[in-house]
Amino acid sequence: QVQLVESGGGLVQAGGSLRLSCAASGRTFSTPMGWFRQAPGKEREFVAAINWSGDDTSYADSVKGRFTISRGNAKNTVDLQMNSLKPEDTAVYYCNEGQYHSGTYYPGTSWGQGTQVTVSS
C-alpha cells in the first residue's frame with residue numbers, strides 16, 4: 001500500500017508563491033500523480049496531474065498559467081509550484097496516485113493527509 005505525504009503548505013499573501021511536494025513511499029518506480037484541493041464547504045476538485053515520465057501534464061482551467069506540476073528529484077515525488085496565488089486558492093491540497101491516459105487523470109484510492117494553503121487578500 002502506497003503512502004503519500006504532502007509538505008510545503010502555509011500562509012501567503014495574494015500574489016505570492018508556494019511550492020508543495022508529495023512523496024510516495026512503498027514504490028520503486030514512478031507512477032502518475034495528481035494534486036487536488038478542497039476548500040471549506042466545497043467538493044474536492046482536480047488541480048493538476050502528471051504522467052509517470054513527467055512529459056505530459058494537465059491542469060484545471062482555474063490554475064493554468066499560474067501552477068506548474070513537475071516530477072521531483074527523488075523517485076516518485078511530485079511538486080506543485082504555485083505562483084500568483086489568489087485568495088480563492090485557499091484550500092487543503094491533497095496528493096493522489098492514479099492513472100493518466102491521453103491527457104486525462106483518473107484518481108486512485110490513495111490520498112495523502114493534505115496540507116493547508118491559505119492565501120490572504
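These numbers were taken from a predicted model, which means no experiment stands behind them. FYI, side chains are in, hydrogens and waters are out, and symmetry mates aren't considered; it's all heavy atoms of this structure.
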So does Asp56 get a backbone contact from the side chain of Asn51, meaning a donor-acceptor N/O pair under 3.5 Å?
yes

In terms of ring plane angle, is the pair Phe36 and Tyr105 parallel, tilted or perpendicular, where the classes change at 30° and 60°?
tilted

Separation of Cys22 SG from Glu6 CD (nearest 0.5 Å)
5.5 Å

To check you understand the geometry: which heavy-atom pair defines the closest contact between Gly72 and Asp79, and what is its length?
CA-OD2, 3.8 Å

Does Met33 offer a backbone N or O that forms a donor-acceptor pair with the side chain of Asn96 under 3.5 Å?
no

Applying a strict under-4.5 Å side-chain criterion to I, L, V, M, F, W and Y, I'd like to know whether Trp52 and Val78 cluster together.
no

If we only count heavy atoms from C-beta on, is the Ser70 to Gln81 side-chain gap below 4.5 Å?
no

Shortest non-hydrogen contact between Ser17 and Ser84, atoms and distance:
OG-N, 4.4 Å

Take Lys86 and Val119 through the side chain to side chain contact (heavy atoms under 4.5 Å, CB included) test and state the conclusion after the steps.
CA-CA 6 Å; Lys86 305 174 181 180; Val119 184; 5.5 Å; no

Nearest heavy atoms of Val12 and Gly16, plus distance in Å:
CG2-CA, 3.8 Å

Quick check: do Gln38 and Glu43 have side-chain heavy atoms less than 4.5 Å from each other?
no

Can you name the nearest heavy-atom pair linking Ala14 to Ser121, along with the distance?
CB-CA, 4.3 Å

Begin from the C-alpha positions of Leu85 and Leu18 and carry the test side chain to side chain contact (heavy atoms under 4.5 Å, CB included) through to its verdict.
CA-CA 8 Å; Leu85 282 161; Leu18 281 174; 4.1 Å; yes

Please tell me if the side chains of Asn76 and Thr31 come closer than 4.5 Å, counting only heavy atoms from C-beta onward.
yes

For Trp35 and Tyr94: C-alpha separation, side-chain torsions, deciding distance, then whether side chain to side chain contact (heavy atoms under 4.5 Å, CB included) applies.
CA-CA 6 Å; Trp35 285 96; Tyr94 296 91; 5.9 Å; no

State, with a plain yes or no, whether a side-chain heavy atom of Arg66 is found less than 4.5 Å away from one of Asp89.
yes

Kindly indicate whether the side chain of Phe67, heavy atoms from C-beta on, has any atom under 4.5 Å from the side chain of Ile69.
no

From OG1 (Thr115) to CZ (Arg37), nearest 0.5 Å
14.0 Å

About how many Å separate CG of Leu4 and CD of Glu97, when rounded to the nearest 0.5 Å?
6.0 Å

With no hydrogens and no angle check, just 3.5 Å: does a side-chain donor-acceptor pair link Thr118 and Gln116?
yes

Gln113 atom CD, over 12 foreign heavy atoms within 6.0 Å
yes

Are any non-hydrogen side-chain atoms of Thr77 and Arg71 less than 4.5 angstrom apart?
no

Side-chain contact, heavy-atom cut-off 4.5 Å: Leu20 with Val117?
yes

What's the verdict on side chain to side chain contact (heavy atoms under 4.5 Å, CB included) for Thr68 and Leu80, showing C-alpha distance, side-chain angles and the deciding distance?
CA-CA 6 Å; Thr68 302; Leu80 185 68; over 6 Å; no

Do Arg44's NZ or CZ and the ring of Trp111 fall within the cation-pi criteria of under 6.0 Å and 45°?
yes

Nearest-0.5 Å distance that lies between atom OG in Ser102 and atom OH in Tyr100
9.0 Å

Quick one: are Phe46 and Ser58 in side-chain contact, heavy atoms under 4.5 Å?
yes

